[in-house]
2 protein chains.
Amino acid sequence: MEPITGGPAQLVLTASIARRYYVDGRSKVEIADEFRLSRFKVARLLDQARSSGLVRIEISHPGNVDLDLSARLQETFGLRRAIVVDTPEVEPAALRLQLGKAAAELLTEIVTADDVLGLAWARAVTAMTDQLTSLATVPVVQLTGALTRPDVEANSVELVRHTARLSGGPAYLFYAPLVVPDATTARALRQQPEVAEAISHFDAVTKAVVGLGSWAAGQSTLYDAMDADACEQLQKRGVVADISGVFVDAKGVPVQSKVTDRVIAINAEQMNAIDEVIAIPYGLAKVEAVRAAVRSGLVNGIVTHSPLARALLDEVY
Amino acid sequence: MEPITGGPAQLVLTASIARRYYVDGRSKVEIADEFRLSRFKVARLLDQARSSGLVRIEISHPGNVDLDLSARLQETFGLRRAIVVDTPEVEPAALRLQLGKAAAELLTEIVTADDVLGLAWARAVTAMTDQLTSLATVPVVQLTGALTRPDVEANSVELVRHTARLSGGPAYLFYAPLVVPDATTARALRQQPEVAEAISHFDAVTKAVVGLGSWAAGQSTLYDAMDADACEQLQKRGVVADISGVFVDAKGVPVQSKVTDRVIAINAEQMNAIDEVIAIPYGLAKVEAVRAAVRSGLVNGIVTHSPLARALLDEVY
DNA sequence: ACACCGTCTGCTCATATGAGCGGAGCTGTG
DNA sequence: CACAGCTCCGCTCATATGAGCAGACGGTGT
């Protein structure tokens with residue numbers, strides 16, 4: 001792999017040729033003419049230059065996206081999109097800001113006029129939409145009800161409205177909580193005109209950005225907002241992740257339960273029909289949730305930070 | 001030149017493709033199949049990767065030869081060989097050792113069984129032969145008489161004998177000083193059987209290593225060994241360099257004078273007929289001498305250190 | 001609505017390139 | 001000396017690649 005070249009004259013010759021080829025972009029034939037060598041000799045010297053390490057090729061860029069991790073994540077988990085932001089940041093709010101920025105750029109890039117965008121409520125999704133600067137003209141569909149938390153002023157509705165305004169497309173939004181005390185209330189809510197209208201557009205959604213929580217206290221806004229009984233019940237059913245109201249177990253299989261009926265949100269089947277579903281997970285505690293979400297096939301795009309990406313890759317046995 | 005790419009997804013895609021192409025050595029067609037793109041798209045992304053600086057190609061190596069300077073020296077002065085040793089060393093003896101090593105490797109590399117090797121007396125040449133470890137079997141011809149200096153034990157004869165022994169080829173050597181007091185003595189010496197024999201082989205020499213001095217006190221062993229009158233006379237004639245006994249002016253034209261007749265060495269015409277003549281100059285004071293020697297066309301190979309190489313290149317207007 | 005312009009795409013076709021072959025020269029060995 | 005094994009070279013021929021072109025698209029000004 002690394003036997004270095006022969007003598008110093010050949011070394012200089014090889015370096016000159018390598019420069020002509022790689023830096024100046026000359027063809028091997030031209031170089032052969034210039035140096036009075038056969039093109040085969042030139043090719044062999046260049047091969048040697050590569051294998052001996054005389055010519056080193058690096059792939060990197062000035063931004064904060066870790067290209068190598070991104071590509072590995074994408075390939076390893078068969079994702080459509082993977083963006084890994086290289087940052088040592090651990091403070092959740094700051095992290096959301098960075099990931100939101102990256103996700104916003106991604107969304108701007110991948111959403112075209114043919115798409116229908118679905119947005120779920122999540123702090124990371126808000127962080128994204130807040131930093132959106134441009135978006136193709138598309139309908140924007142609210143995928144979930146909202147949760148009100150003291151630390152967040154923007155709600156699911158605002159998030160959708162803001163994005164639709166930026167886009168210039170229609171907004172399908174509604175005022176409803178993400179989770180209600182019983183199935184009956186949920187059913188009634190789903191009958192409401194605005195809610196029903198939004199739901200009717202779920203099938204048309206082609207790209208969505210969703211929240212992703214680990215089914216544990218402090219790792220999912222939904223978990224924290226739900227009654228202990230429901231949480232426990234879902235946990236017993238093997239739920240490890242909630243994807244904007246869709247519960248999945250460690251194998252990635254969606255879990256149906258009475259609790260599911262109390263959630264005002266897109267369901268597993270509908271989510272599965274969406275072409276691209278992007279989540280923005282962060283924090284090492286979410287490793288298993290991400291794994292489950294990806295296994296489920298419901299989520300096929302990830303925007304995350306390097307520590308979580310590394311953890312995901314490390315644990316692939 | 002450096003507009004960086006579009007969005008993050010394309011960035012990751014481009015990086016993945018660049019890795020496949022440059023690192024894994026896949027063809028663009030294969031990559032196109034793998035990523036479901038046209039080969040044109042792949043080619044365009046790769047072009048973009050290069051021009052945006054995403055892919056950086058460096059040419060360097062672990063040794064102490066400055067490949068870039070070597071190549072530039074070679075190209076700028078139209079040399080057959082140029083080896084620039086990258087060293088901050090300024091102490092002449094240590095420098096000779098380093099350059100001698102590089103020159104020895106060069107000689108080992110470029111001398112083939114078809115060659116006839118000529119060696120002139122010079123400290124740098126001695127430094128080279130001392131570090132020679134292998135050499136094709138070739139005749140070795142002594143090109144100059146020797147100078148005896150208190151700081152040097154090896155003389156021209158030993159240098160040739162040692163090299164011939166290492167090579168396994170015949171040695172054509174003689175005992176005579178490099179410069180004698182008058183032309184008559186010189187003529188007589190040239191008649192001596194061993195001297196005449198060696199001289200008769202000058203025409204057959206295909207590769208030679210010579211000394212190169214700047215015509216000033218302390219910059220040429222020959223200058224220092226010669227009487228003041230002769231030195232001054234040559235200087236008046238415009239001599240700026242001596243190439244193992246061949247004097248050349250700043251334009252590179254060999255200078256014939258009465259002093260020339262007193263030197264027991266290869267002459268300008270004979271040296272000019274040699275295919276490759278390599279010199280091992282060092283020290284910034286020799287800039288003009290090197291320039292003259294190269295202009296003369298007598299010397300077409302240089303082994304030197306980076307400061308001198310840089311000085312030579314800097315002063316090219 | 002219209003023509004216009006810049007961008008992006010995939011095409012054709014000439015050229016550059018790679019894989020693998022057989023010959024030349026060198027080396028060590030019986 | 002003869003021979004096998006080796007490296008190095010340049011060849012053929014199939015394939016990969018680049019240059020330049022023309023159509024498609026999206027935005028833009030009239």
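Every chain is numbered from 1 and lettered A, B, ... according to where its sequence line falls, protein lines coming before strand lines.
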Working to the nearest 0.5 angstrom, can you tell me the gap between A:H162 NE2 and A:T129 OG1? 6.5 Å
For nucleotides 17-22 of chain C, give me one character per nucleotide, 5' to 3': B if any protein heavy atom sits under 4.0 Å from the base, S if the only such contacts are to the sugar-phosphate, - if neither. BBBB--
Using heavy atoms and a sub-4.0 Å distance, could you list which residues of residues 109-117 of chain B are near DNA chain C? By number, please. none
Whole Å only: how far is the CG atom of A:L45 from the P atom of D:dG10? 11 Å
Every protein N/O lying under 3.5 Å from an N/O of nucleotides 4-6 of chain C:
none

Within the pair B:K41 and C:dT9, is there a side-chain N or O less than 4.0 Å away from OP1 or OP2? yes
So what is the end-to-end bend of the helix from C:dA1-D:dT30 to C:dG30-D:dC1, with 5 pairs used at each end and the value given to 10 degrees? 20°
Which donor-acceptor pairs under 3.5 Å do side chains of residues 199-208 of chain B form with protein atoms, sequence neighbours excluded?
residue	atom	partner	partner atom	Å
B:S200	OG	B:E197	O	2.5
B:H201	ND1	B:E197	O	2.9
B:T206	OG1	B:D115	OD1	2.7
B:T206	OG1	B:V116	N	2.9
B:T206	OG1	B:V116	O	3.3
B:K207	NZ	B:D115	OD1	3.0
B:K207	NZ	B:D115	OD2	2.9

Identify, with sequence neighbours excluded, every residue that meets side-chain contact (heavy atoms from CB on, under 4.5 Å) alongside A:D275. A:R80
Would you please confirm or rule out a distance under 4.0 Å between OP1 or OP2 of C:dG10 and any side-chain N or O of B:S38? yes
B:I278 and side chain to side chain contact (heavy atoms under 4.5 Å, CB included): which partner among B:I83, B:V299, B:I110? B:I110
Rounding to 0.5 Å, atoms CG (A:L107) and CD (A:E105) come to a distance of 11.0 Å
Qualifying salt bridge (Lys or Arg N to Asp or Glu O under 4.0 Å) pairs with a residue from residues 39-49 of chain A, counting only residues at least two apart or across chains: none
Using the test salt bridge (Lys or Arg N to Asp or Glu O under 4.0 Å), find all partners of B:E75 that sit at least two apart in sequence or belong to another chain. A:R19
When you measure from the side chain of B:E109 to the backbone N and O of A:Q10, does any donor-acceptor pair fall under 3.5 Å? yes
Check side-chain contact (heavy atoms from CB on, under 4.5 Å) between B:Y21 and all other residues, then give those that pass, not counting sequence neighbours. B:K28, B:I31, B:L46
Whole Å only: how far is the CD atom of A:Q48 from the C1' atom of D:dC9? 14 Å
Hits for side-chain contact (heavy atoms from CB on, under 4.5 Å) against A:A82, two or more places apart or cross-chain, chain-then-number order -> A:L73, A:Q74, A:L79
To the nearest angstrom, how far is B:D33 atom CG from D:dT15 atom P? 14 Å
Suppose the criterion is salt bridge (Lys or Arg N to Asp or Glu O under 4.0 Å): which pairs have a residue in residues 51-60 of chain B, not counting sequence neighbours? A:R56-B:E58, A:E58-B:R56, B:R56-B:E58
For residues 131-138 of chain B, please give each side-chain donor-acceptor pair under 3.5 Å, one per line with the distance, not counting sequence neighbours.
residue	atom	partner	partner atom	Å
B:Q131	NE2	B:L97	O	2.8
B:Q131	NE2	B:A127	O	3.1
B:T137	OG1	B:S167	O	3.1

Shortest non-hydrogen contact from A:S70 to A:V65? OG-CG1, 3.7 Å
